[in-house]
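One structure is given here, and the rest of the page talks about it.
What you see below is based on every heavy atom in this structure, not just the backbone, and it leaves out hydrogens, waters and symmetry mates. Please read these numbers as outputs of a predicted model, since none were measured by experiment.
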Amino acid sequence: MATGTEPPATEDRPPGGGVHTPTRAAIRARHLRTDRWWLAPAATAAGLLAFVVYSTWRAFANADYYAAPYVSPFYSPCLAENCEPMRSGPNWELFGTWWGISPAIIILIFPLGFRLTCYYYRKAYYRGFWASPPACAVAEPHRKYTGETRFPLILQNVHRYFFYAALLVAGILSYDTVLAFRDEHYAWGHMGLGTLVFLANIALIWAYTLSCHSCRHIVGGKLKHFSRHPVRYRMWQLVGWLNARHMQLAWASLVSVALADFYVYLVASGVFDDPRFF
């Protein structure tokens with residue numbers, strides 16, 4: 001019985017692998033969409049590329065990242081001796097004097113590792129950079145699909161471990177936010193515009209971190225009876241509510257951490273003084 005997928009006898013099967021293998025429907029067109037499906041992956045690629053360029057520049061700059069009482073989230077905590085001394089700040093000189101380049105390189109490994117292995121960001125850069133696939137109902141151009149079963153994509157499985165590191169980083173940034181309620185002379189009881197920037201950033205960082213799929217599994221996974229674990233059930237509901245907004249929180253926290261760093265850069269480089277409310 002004909003299924004409608006067999007090509008006419010006079011039509012050659014399109015060459016190539018992937019969607020053009022003998023076991024797939026014999027359709028010459030790569031897709032039948034008429035909308036501007038490429039806008040979403042293009043915007044995603046542009047946004048992620050802009051952050052990569054900016055964070056790389058700031059990480060290797062090794063300057064203008066501390067203006068009391070604010071420290072850039074890219075440089076906190078300081079794990080080398082070549083950092084600017086931060087009074088009461090997270091100065092943990094674990095790497096000693098042998099580390100000669102920017103200390104931000106040590107720190108960014110963990111939050112970037114968490115984001116690179118994040119389930120949403122996988123979708124974002126798979127579609128935006130690797131076209132795997134570029135959009136729904138649009139075939140990917142690759143001849144063979146192996147998913148995350150081979151190196152290097154199999155390393156995505158370490159996401160749950162980067163989640164633990166992300167919790168530690170979020171805790172340190174929370175400490176930095178508390179320190180932001182000091183003035184430039186380290187006196188408590190003051191709040192500037194930078195304090196609000198830090199508050200917004202840490203709120204989004206925590207919301208994004210807790211909305212992670214790994215967090216949802218840790219909170220409510222392997223439970224057969226929610227009624228026997230009412231506290232974990234409530235926590236699971238909260239994390240599930242955040243998880244439904246994981247994409248929005250991922251982008252919002254990415255923008256907020258860049259803005260927090262840029263604000264510290266502007267103040268530290270003397271572009272303007274931090275406005276004080278009290």
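Residue F60 places its CZ atom among 12 or fewer non-hydrogen atoms of other residues, nucleotides or ligands, all under 6.0 Å distant. Heavy-atom contacts from other residues, nucleotides or ligands closer than 6.0 Å to OH of Y186 number more than 12. Open room surrounds CE on M235; 12 or fewer heavy atoms of other groups in view lie less than 6.0 Å from it. No more than 12 heavy atoms of other residues, nucleotides or ligands lie within 6.0 Å of CZ in R234, so this atom counts as exposed by the packing criterion.
Using a 4.5 Å heavy-atom cutoff, the side chains of D64 and V264 are not in contact. Side-chain contact between F51 and L112 is present, with at least one heavy-atom pair separated by less than 4.5 Å. V239 has its side chain out of reach of S211: every pair of non-hydrogen atoms, C-beta onward, lies at least 4.5 Å apart. Residues W206 and L167 are in side-chain contact: their nearest non-hydrogen atoms beyond the backbone lie under 4.5 Å apart. Counting heavy atoms from C-beta outward, L242 and L249 have side chains that approach closer than 4.5 Å. Using a 4.5 Å heavy-atom cutoff, the side chains of Y161 and T117 are not in contact.
Taking the six-membered ring where the residue is Trp, F163 and F114 present tilted rings, their angle falling between 30° and 60°.
Aromatic ring centres of Y120 and H246: separated by at least 6.0 Å.
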Derivation and outcome, ring-ring contact (aromatic ring centres under 6.0 Å, His included), residues W188 and F181:
CA-CA 6 Å; W188 288 96; F181 283 91; 8.0 Å; no

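For Y164, the side-chain hydrogen bond (donor to acceptor under 3.5 Å, both in side chains) criterion is met by no residue, not counting sequence neighbours. A search for salt bridge (charged side-chain N to carboxylate O under 4.0 Å, His left out) contacts involving R58 returns D261, not counting sequence neighbours.
In this structure, R245 satisfies the cation-pi test against W241, with its NZ or CZ atom closer than 6.0 Å to the six-membered ring centre and inside 45 degrees of the ring normal. For the pair R122 and Y119, the cation-pi criterion (under 6.0 Å, within 45° of the ring axis) is fulfilled.
Evaluation of the side chain to side chain donor-acceptor pair (under 3.5 Å) test over residues 221-233, restricted to residues two or more places apart or in two chains, returns Y233-Q237.
R127 and E140 are not joined by a salt bridge, as no carboxylate oxygen comes within less than 4.0 angstrom of a charged side-chain nitrogen.
Under the ring-ring contact (aromatic ring centres under 6.0 Å, His included) test applied with Y265, the options Y66, Y54, Y70, W57 reduce to a single match, W57.
Interatomic distance, S174 OG to I205 CD1, rounded to the nearest 0.5 Å: 9.5 Å.
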